[in-house]
Every structure is written in C-alpha cells, then in structure tokens.
Amino acid sequence: MTVRVQTEDFDAGAEIAAIRRGNPKIGAVAAFVGLVRDVNDGDAVHSMVLEHYPGMTETALDKIVAEAKERFKVYDALIIHRVGELRPTDQIVLAVASGAHRGEVFAACEFIVDYLKTRAPFWKKESTQDGTRWVEARETDDQAAARWEK
Amino acid sequence: MTVKLLYFAALREQLGIAHEALALPPDIDTVAGLRAHLIERGGAWQSALAGTRALRVAVNQDMAQPTTPVKAGDEIAFFPPVTGG
C-alpha cells in the first residue's frame, strides 16, 4: 500500500512493474492516469497550479487505499498525486490496483479515483488568457463518488 | 483555549490569510459555532463563510460536519470543495 504526493513526474510502467513484482498470485493490474488538458470550460489552459493540504492529503489518500482494499479483492493499491505547477499533457495522478482478476481491480481503481476526486484535499488553479481561476468542483464527480455509497 | 485555523485555495485568497491561532470563546464547541464566530468578523469573512456557500471543514485532518466538536489544540481547516485528480 503506497501513497505519494510529489512535484516530480512518475513512471506508470515502473510503478506497475513494482506493484506486481514477486507476486505470482497477481493475474490483473488496472491503472488510471489523469492528465492536464489544454482546455477547460471552453477556455485554453496554459498551465495550472495544484495546491494541497500537507498532512491531511496523505491521510485522506491512505484511507481511500485502505477502503479499496477492504471493499475489493485486491492485493495492493497505489496512488501517486502530483502538486505544484503543471502544464497540458503533464501527468497529474496515478492509481493502480493489483489482484487476481480484472473485475475487482477495475472496480478498485475506479473507486480510488472517484473518492480521490471528492475527498482528497487538492485544489487546481488554472491559468488562461484571461488570468487565473480556481477550478470549480463538478457535481458529476459527487455523483460518481455517490455510486459507491453503501 | 486556542485552536489552529487553516484556510486553503480560493478561501485563503478571499480571506487574505493562510493560518492563524484563535483563542476560542468557551461557548463555541462545534464546527458550526466556530464558522458563525468567524462570520461575525464581517467583511470578507462574512462574504466568504456565510450563507449556503459550499465549504468543507476538516478537524484534525479529518473531514468534519457542522456538528463535529472542536476543542483546545485542534487543527481546523476551512476550504472549498476539492478539485484534485
């Protein structure tokens, strides 16, 4: 179980290799990579700054990973989330889940990302030609997370 | 009785402050009470914290509700809905 918050980029292939190394019981690994797009709400985005709440961020991500392991039959799960200044095409977040079969790892990976988007204390500030603006939370993200409510 | 208050993202910019130590009046013992106390400062505090504005609060780095208790030594953070991922 690993959670990392960092400014540096990550290598999804290396992380997937690490999570499955030495465990012959793993039959499936699902991974999600979130990226910075060059457009949001109809405006060109030049860059963005990701702010977070140091301490709570790691705790919140730890909880999400722990809950994913409780809910789904997964051997391991990983979240890496970047902070600081990012530009279009940059990687923002990596979520990985490993297990015996695809159904559980797909679900676990989706659960992790849905919960991360509504529960982990990160905020995006975009830079467009009109200046900077804070990204508004989306109701569709709340709906996506609500699907997992028991 | 002192608490540590933190403000993040758009809220931090609206209030012009990232953190402060606050001597909490003894009759304030919940998140809702603390929010009302801060709104009484008026100005930016009122416009940023009052009404039905979507605000999240964490007490000791755990997401809280209006009824969540607050006590001396707590770290209480106010912030807008999160937008990571």
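Keep in mind the model is a prediction, meaning the values are calculated, not measured.
Considering every non-hydrogen atom in both Thr83(B) and Val135(A), the closest pair reads CG2-O, 3.3 Å. Closest non-hydrogen pair, Ala137(A) versus Val82(B), comes out as CB-O, 3.9 Å.
Heavy-atom pairs under 4.5 Å with chain B were tallied for His81(A), Arg119(A), Arg82(A); the largest tally goes to His81(A).
Not a single donor-acceptor pair under 3.5 Å links the side chain of Lys125(A) to the backbone N or O of Ala10(B). Side-chain N or O atoms of Trp123(A) include none that pairs as donor or acceptor with a backbone N or O of Phe8(B) at under 3.5 Å.
Note that CE of Met56(A) and CG of Asp62(B) are 6.5 Å apart. Values are rounded to the nearest 0.5 Å.
Residues Leu35(A) and Val49(A) are members of separate hydrophobic clusters, defined by side-chain heavy-atom contacts under 4.5 angstrom among Ile, Leu, Val, Met, Phe, Trp and Tyr. Tracing side-chain contacts under 4.5 Å through hydrophobic residues (I, L, V, M, F, W, Y), one reaches Leu50(A) starting from Val93(A); they form part of the same cluster.
Interface remark: Arg138(A) contributes no atoms to any contact with chain B (heavy atom separation under 4.5 Å). Heavy atoms of Thr59(A) lying under 4.5 Å from chain B belong exclusively to its side chain. Val113(A) does not touch chain B: none of its heavy atoms, backbone or side chain, sits under 4.5 Å away.
Within 6.0 Å of NE2 in His19(B) there are 12 or fewer heavy atoms belonging to other residues, nucleotides or ligands. Residue Phe106(A) qualifies as open at atom CZ: its count of foreign heavy atoms under 6.0 Å is 12 or below. Remark: Glu8(A) CD is packed, more than 12 non-hydrogen atoms of other residues, nucleotides or ligands lying under 6.0 Å away. Within 6.0 Å of CZ on Arg20(A) lie no more than 12 heavy atoms contributed by other residues, nucleotides or ligands. Other residues, nucleotides and ligands contribute over 12 non-hydrogen atoms within 6.0 Å of the CZ atom of Arg71(A).
The aromatic rings of Tyr53(A) and Phe79(B) stand perpendicular to each other, their planes meeting at an angle above 60°, with 30° marking the opposite boundary.
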